[in-house]
Amino acid sequence: MTRAGRPVGELLRDWRRTRGLSQLDLSIEAGVSARHLSFVETGRSRPSPDLILRLAEHLGMPLAERNTILLAGGYAPAYPSHELSDPELAPVRAAVRQILDGHRPYPALLVDRHWHLVDANPAVGLFTADAQPHLLTPPVNVLRLSLHPDGMAPRILNLPEWRSHLLNRLRQQVDATADPILSDLYEELSGYPGAGTGTASVNDTLSRVLVPLRYRHDDRELAFVSTTTLFGTPLDVTVSGLAVEAFFPADPVTTEALHALAQS
């Protein structure tokens with residue numbers, strides 16, 4: 001959506017339409033006249049950086065896109081974008097490390113806004129042990145690793161349900177961010193086969209609550225529930241895209257197996 005060289009007014013208009021808002025809707029929410037908003041979108045009026053950020057906030061634009069649209073308006077970016085290794089993000093690294101280490105012996109991993117693997121605890125090796133090398137060459141995309149036939153997919157016993165869950169989640173991210181990289185990833189993953197291998201046991205109580213990950217390890221079926229942890233109130237582009245994906249055992253068999261693997 002925010003391709004280089006496009007006027008700031010066009011970009012704001014496209015985001016407004018993506019959110020399904022009329023000029024009147026957005027003008028009321030942002031506290032600006034509909035006439036002025038119309039002039040901004042058509043290029044007849046140059047918006048101030050404060051107005052751009054106010055509109056971006058009400059449009060729910062990702063921080064990276066807010067920077068891009070500021071640049072399109074002739075202004076400097078408002079949000080920094082550090083490398084995770086930079087000193088400024090030391091508290092972020094420490095928090096992530098505490099979460100990953102504290103979650104052992106259960107799998108937990110850190111991904112960026114494009115689902116690239118940033119960090120993980122050793123228990124994630126359960127999921128990557130049988131993946132082909134081309135899927136484990138950095139940058140490793142976690143969703144590709146999960147659904148590719150050379151990755152986790154052959155061991156996911158409820159692959160159709162898990163695949164649908166991941167694709168729906170990715171589709172929501174595409175709709176929310178208009179990110180072309182995520183859009184391309186969605187198209188790629190949608191083309192992967194969705195049939196699982198083997199037959200998963202039935203746990204009606206769990207299945208009525210959420211979609212578990214049922215994974216075959218050796219001759220056992222392991223069942224997981226997952227959570228996602230995001231940083232609150234991020235003001236850095238990198239931090240705003242980070243997410244910790246943590247997996248918890250959904251039954252005693254899985255709990256016992258994970259503790260045994262950690263001791264081996």
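These values consider heavy atoms only, across backbone and side chains, with no hydrogens, waters or symmetry-generated copies.
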How many angstroms lie between atom [atom1] of [X] and atom [atom2] of [Y], to the nearest 0.5 angstrom?
X	Y	atom1	atom2	answer
His165	Leu170	NE2	CG	11.0 Å
Glu188	Ser183	CD	OG	12.0 Å
Thr254	Leu222	OG1	CG	4.5 Å
Glu10	Asp14	CD	CG	7.0 Å
Met61	Leu53	CE	CG	9.0 Å
Asn158	Leu213	CG	CG	6.5 Å

Partner of Val118 under side-chain contact (heavy atoms from CB on, under 4.5 Å), chosen from Leu110, Val244, Val111, Leu109
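Result for side-chain contact (heavy atoms from CB on, under 4.5 Å) with Val118: Leu110.
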Is Glu65 salt-bridged to Arg113, cutoff N-O under 4.0 Å?
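Not counted as a salt bridge, because no side-chain N and carboxylate O are separated by less than 4.0 Å.
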Please determine whether a side-chain nitrogen of the Lys or Arg among Arg171 and Asp175 lies less than 4.0 Å from a carboxylate oxygen of the Asp or Glu.
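Salt bridge flag = yes for Asp175 with Arg171.
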Test salt bridge (Lys or Arg N to Asp or Glu O under 4.0 Å) applied to Glu221 and Arg216, step by step:
CA-CA 5 Å; Glu221 175 188 329; Arg216 177 171 53 84; over 6 Å; no
Side-chain contact, heavy-atom cut-off 4.5 Å: [X] with [Y]?
X	Y	result
His217	Leu126	yes
Leu185	His114	no
Leu117	Pro139	no
Glu57	Arg54	no

With sequence neighbours excluded, residues passing side chain to side chain donor-acceptor pair (under 3.5 Å) with Arg97:
Asp101, Asp119
What's the shortest heavy-atom distance between [X] and [Y], and which atoms?
X	Y	result
Ala243	Thr228	CB-CG2, 4.0 Å
Ser27	Ser33	CB-C, 3.9 Å
Asp236	Thr238	OD1-N, 2.8 Å
Pro80	Leu235	CD-O, 3.3 Å
Leu147	Tyr192	O-CD1, 3.4 Å
Trp15	Thr177	CH2-O, 3.2 Å

Tell me which pairs pass salt bridge (Lys or Arg N to Asp or Glu O under 4.0 Å) where either residue lies in residues 37-46, with sequence neighbours left out.
Arg16-Glu41
Set out, in order, the CA-CA distance, both residues' side-chain angles and the distance that settles side chain to side chain contact (heavy atoms under 4.5 Å, CB included) for Trp115 and Ile181, then state yes or no.
CA-CA 10 Å; Trp115 287 92; Ile181 294 177; over 6 Å; no
Would you sort out whether Leu59 and Leu21 count as a side chain to side chain contact (heavy atoms under 4.5 Å, CB included), showing the intermediate values?
CA-CA 9 Å; Leu59 290 169; Leu21 297 173; 4.0 Å; yes
Between Phe248 and His103, is the gap from one ring center to the other below 6.0 Å?
yes
Are Tyr215 and Phe127 an aromatic pair, judged by ring center distance below 6.0 Å?
yes
Would you please classify the geometry between the His259 ring and the Tyr106 ring as parallel, tilted or perpendicular, with 30° and 60° separating the classes?
perpendicular
Would you kindly say whether Asp150 and His134 are connected by a side-chain donor-acceptor distance under 3.5 Å?
yes
